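One structure is given below, encoded as structure tokens.
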Amino acid sequence: MSVRYKAVGWNRQKKLYDRVLANGVVDNLQLFIGITAVLHPTATAETLLIRSTGTAAIILLHVILAIGPLCRIAARYLPLLYNRRHLGVMMFLLSLIHGALSTIQFHALGDANPIVSIFFAHTDYDSLIDFPFQTLGFLALIIFFLMAATSHDFWLATLTPPIWKGLHMLVYFAYGLVIMHVALGVLQDTRNPGFAIAVGIGLIVILGLHLIASRLPSASPLPEANGSAPAGYEYVGQGSEIPVDRAKTIVVGGERVAVYRVGNPGAGEADSIHAVESVCRHQNGPLGEGRIVDGCITCPWHGFQYDPTTGKSPPPFSEQIRTFPVHLDAKQRIYIQLSEAAS
Amino acid sequence: MSLLLSAGALAAFQLLLGGIAGYLGLGLIAAITLLACGNRGLGAFDEHALRNAEAKSSIGFRVLIFPGLIALWPFVLWRRWRARSGQSVAHGRPHIDRRHRVSWILLLIALPPLFIAAMLSGRTAGPPPIDPQLALSAAGAETGVPLARVTVDAELPEGGYVERLQFRAIVLRADGDAGIWLHTVHAAERPLPPDTLLYWQPNVSDAEEFALAAAYLLGPLPAGEGRLPMPAAYTSDGMLAGYSLARQELLFAEALQTP
């Protein structure tokens, strides 16, 4: 969280995750290079590296882009989300190797500036058949660089969350560039339809997952009043509607409020109800989709935590979200006072 | 597109590259200065960083943020200036971002049709073959005495983005110059592999007799039109060859034809 910066915030799970990631990438490269070397014995080492790193990078990009919607669809994928940043940096490094070797192999040994050569060696920009596809990969690589270079939390604080988020949402544009880079490049060159089918399936899966996730209800409007609400309070639902240690998210006046039911196992007391704003201070994550861990509301995106009563992060951290007064009547009807938010 | 093909576009692009290089150069200086200043350099606007000097000074942290500082140095300096002059930077009220959905809807609309169109478009076989009888149109070629010519039309091995190499070349003795030159005109419609080196071997007329070790290196195959000096040992019998550094193999070997 925010109290101090480390180069990398490793813990046991992240180390395990990174080890699996590194091994997976190395295995993928070895497998690809081995099979290609057998099928195309004349391919040079540079060509093998260009193709293997490019393939690994696009596979990783699809995995990265699938994680977000998967987590919306099923909470069991959330551990992948906590560590998505490392996937992104790994994908950038693979893209960088792919791009650098391609530039050296195809553009650096002539008498023109290699970057000028990328954009001007082949200039059929109005043709789908001979489009200079390398330019698309180059632009995508610049976006990946900016994202990897600003992946540290230092940049989140420096750029502020809205700007940081806007910068990192360029990944969608970069994804489009990468798909067209591959489609207009290697897929038009190869006579094997299997590659085109594989990329097409990847595209359908990614777009389909986002479409499904976007149709999931993430918040409910205020329900109709049930009984007489105390003055200044709004009825938001029954306590029994909310699973223990989970939340119901409602939308009031364009704002999302997470109403949490915090269980008190063994204490002999009833569960308590708390209402907080549903936006995490870290990256605007949906707090209403999180859960209670160690008594704290825990953001599903990166695990930022807040005390449900005060809205403050546990010491020594300093973030705070707004809380709303809650009234729970004898029939377990929940009312919250939206105008009295404490920040 | 004609705009992109024009010399003006190329000059503008080179100017843009120069500007970017200058920007990144300044960024390098700014990044080194900010990191050298430690907390005073970086932490002035960052309350969290100020609380932990030890973390700020770690080498790993500095290495990680260094590339970003080079790329985004104006923003960092602006934040620093705002903080020093007592002006806070508005973070804005946290909000749920709807840009995700908009981005994906745009991709959903645009990407599948483009992908399908790209897949349905087959690669062309390239431009029509060059007419071997066609004279070189280059103005420079007319100013010398033509000694030999050759037309190269080589299918390249798989694995590169260029499938075919086509260019014409003429050996000429330039007017008022004792030197002999190889004047090349590359087929303008196709890119050329920029790693291709041209070799010439005298007294050979068969491709099988060509030996790279015995040949003279003329230089890299120029894009568009260009001239390479021929060695003093030039004779009319000889063979021109192209060797790819990246592929590490001979792309073509063609006998020079005396007009």
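Just so we're clear, the structure is a prediction, and the values are computed from it rather than from any experiment. We use all heavy atoms of the structure for the numbers below, so side chains are in, but hydrogens, waters and symmetry mates are not.
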Under 4.5 Å from any heavy atom of chain A - which part of A71(B):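 Contact with chain A is through the side chain of A71(B) alone.
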Relative to chain B, which segment of [X] carries a heavy atom at a distance below 4.5 Å: side chain, backbone, both, or neither?
| X | result |
| --- | --- |
| L177(A) | neither |
| F173(A) | neither |
| L146(A) | side chain |
| S214(A) | both |
| I115(A) | both |

Minimum heavy-atom distance A183(A)-A118(B), with the two atoms named: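 Looks like CB-CB, 4.0 Å.
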P112(B) to L203(A) - nearest heavy-atom pair and separation: CA-CD2, 4.3 Å
Residues which pass side-chain contact (heavy atoms from CB on, under 4.5 Å) with L106(B), listed by chain and number, not counting sequence neighbours: V102(B)
Verdict with reasoning, L211(A) to W104(B), per side chain to side chain contact (heavy atoms under 4.5 Å, CB included): CA-CA 8 Å; L211(A) 197 62; W104(B) 277 111; over 6 Å; no
Options I105(B), I116(B), L108(B), ranked by heavy-atom pairs under 4.5 Å with chain A, top entry: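 Heavy-atom pair counts peak at L108(B).
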Interatomic distance, L107(B) atom CG to Y175(A) atom OH [nearest 0.5 angstrom]: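 Output value for this atom pair is 8.0 Å.
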L114(B) side, atom CG; L184(A) side, atom CG - distance, nearest 0.5 Å: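 Answer for the CG-CG pair, L114(B) versus L184(A), is 8.5 Å.
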Most contacts with chain B, counted as non-hydrogen pairs under 4.5 angstrom, among V182(A), I179(A), T150(A):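 Between V182(A), I179(A), T150(A), the count favours I179(A).
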Side chain proximity check, L187(A) to F115(B), heavy atoms < 4.5 angstrom: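 They are in side-chain contact.
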Sub-4.5 Å side-chain heavy-atom contact between L72(B) and L159(A): yes
Expected output: side-chain Q188(A) to main-chain M119(B) donor-acceptor under 3.5 Å: no
Residue pair Y172(A), L111(B): steps toward the side chain to side chain contact (heavy atoms under 4.5 Å, CB included) verdict: CA-CA 11 Å; Y172(A) 303 134; L111(B) 202 49; over 6 Å; no
Within 6.0 Å of CZ in F66(B), more than 12 heavy atoms from elsewhere: yes
F154(A) and F61(B) aromatic ring geometry - parallel, tilted or perpendicular at 30°/60° bounds: perpendicular
Residues in residues 13-22 of chain B that sit under 4.5 Å from chain A, counting heavy atoms only: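 Listed by number, the contacting residues are F13(B), Q14(B), L17(B).
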